[in-house]
Amino acid sequence: MSTATRSSQETISLFDKYVIPNYRRYPVCLSRGEGSYVWDAEGNRFLDLFPGWGCNILGYSPPRVVEAVQEQAARLIHVPNTWFIEQQGEFAEAVCSRSFGKAFFCNSGAEAIEGAIKLARLHTPESKYKIITFQNGFHGRTFAAVTATAQPKYHQGLGPLMAGFQYAPHNDLDAVRELIDDETCGILIEPVQGEGGVNIPAPGFLEGLRELADEHGLVLIFDEVQTGMGRLGTWFGHQHFGVQPDIFTLAKGVAGGVACGGFVCKDEIAPSLRPGMHASTFGGNPLAMAAGVATVQTIEEDNLLEHSKQMSQRFADHFRPLIDELPIVREVRTIGMMIGIDLTVPATPLVQRCMEKGLLINATHDTVVRLLPALNVTADQVDEGAELLINELRVLAEEG
Ligand code: PLP
């Protein structure tokens, strides 16, 4: 059933005329969703194992979030941060009581990264400004965030970039140690690299970064825009690894698909973000905060941390045997609801083939098939999606 008032083609015509063409888009307009299923304007149904690029952590239109947003919108959509905002206090409590410290809210991942970098610089002496980040990391598209993103393809034509960022190879503690000098103020890393291909840190690597940060008085920032809010089977990614950062960022799924970002820092760091030093007009608005509280409630009441761990194992059971079966499958990396299948061939053609069969997935870093399923994906949906994807991988392997 379609709820669209226009055909996909009619919407595409509006885009051709009025929207800046900076995205490569599939020629489809999605118009309605429920859980892990989504329908286009023509009423075709897709099983989405990459819903909303990870933002729809509870699938499409999760009922508690819908209800919370409807109620909140009718009561109060926006008030600025010159007032105390009830829902902001509640969401901060929900997040920090499940992690630590104090929270700041904004609207997106890149904005969260900008704020975290500013806080790291503000918290350390003025002579310290350099931030070490990691090759194949991804932190967003604003200037500091894109500079922190150590992938030259995202820098082309933008120079000069921001001063003060240094890049180390992932999993190489010696390289990090060598980069640290008197001007270093922090280390920024995704606990699991997402866009870079679902790269899980080597055992001891994050612990090693914590030790280096402690030894040299650096601020350790985890970018949890993708790993936060249940994605790894723990509330926040750092808990999966048992390493506490000084600051961690959040966005994507944190408010169940409603635009929201933020960061959490240790209590002793919080005062460094003095009044007047940072702000976000829409940050922490009642609507997004109510959605965030409903997201936490849903994860908790539906036992989704445990459920998603079981579904992660189910995906792994489907995909791991492919390493022996199909020569084009180089590696299968699963950690919670982050799944990467690394191929010896480009992964992009697979996205199109799966879409034609009614399955939505993602390709990243040229050769990696990436899934970020909703935490409430069902066992039947895991089986349905895995079988479709495996069939297409077999066809691709046969074609050589
Ligand atoms: N950090 C990470 C780890 C991300 O995956 C992303 C987006 O994919 C960002 C930051 C940027 O988030 P946003 O697109 O909301 O600015």
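The shown structure was predicted, so the numbers you read here are calculated from the model rather than taken from an experiment. Each ligand, and each atom within it, is numbered from 1 in the order the structure gives. We number each residue from 1, following the sequence as shown.
A cation-pi arrangement is present between R45 and Y37 under the rule of less than 6.0 angstrom and at most 45 degrees off the ring axis.
Ranking protein heavy atoms by distance to atom 15 (O) of ligand 1, first place goes to G109 N, 2.8 Å. Looking from atom 1 (N) of ligand 1 to the surrounding protein, the closest heavy atom is D223 OD2, 2.6 Å. The protein heavy atom nearest to atom 16 (O) of ligand 1 is A110 N, 2.8 Å. The shortest contact between atom 5 (O) of ligand 1 and any protein heavy atom is with Q226 NE2, 2.9 Å.
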* Would you check, one step at a time, whether the test side-chain hydrogen bond (donor to acceptor under 3.5 Å, both in side chains) holds for E114 with T142? => CA-CA 8 Å; E114 298 282 331; T142 53; 2.5 Å; yes
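The E190 neighbourhood of ligand 1 comprises atoms 3 (C), with distances under 4.0 Å to a heavy atom of that residue. Under a 4.0 Å criterion applied to the non-hydrogen atoms of S108, ligand 1 contributes the atoms 15 (O), 16 (O).
For E86, the salt bridge (charged side-chain N to carboxylate O under 4.0 Å, His left out) partners at least two apart in sequence or on another chain are R75.
Within the 4.0 Å heavy-atom criterion, the part of K252 lying near ligand 1 is the side chain and not the backbone. Contacts between F138 and ligand 1, counted as non-hydrogen atom pairs separated by less than 4.0 Å, involve both the backbone and the side chain.
One side chain, H139 or D223, offers a donor N or O that lies under 3.5 Å from an acceptor on the other.
Between E195 and R370, none of the side-chain N atoms (NZ, or NE/NH1/NH2) sits under 4.0 Å from a carboxylate O, so this pair counts as no salt bridge. Ionic pairing of R353 and E399 is present here: one or more N-O contacts between side-chain nitrogen and carboxylate oxygen are shorter than 4.0 angstrom.
For F205 and F134, the ring centers are positioned less than 6.0 Å apart.
Residue E195 places every heavy atom at 4.0 Å or more from ligand 1.
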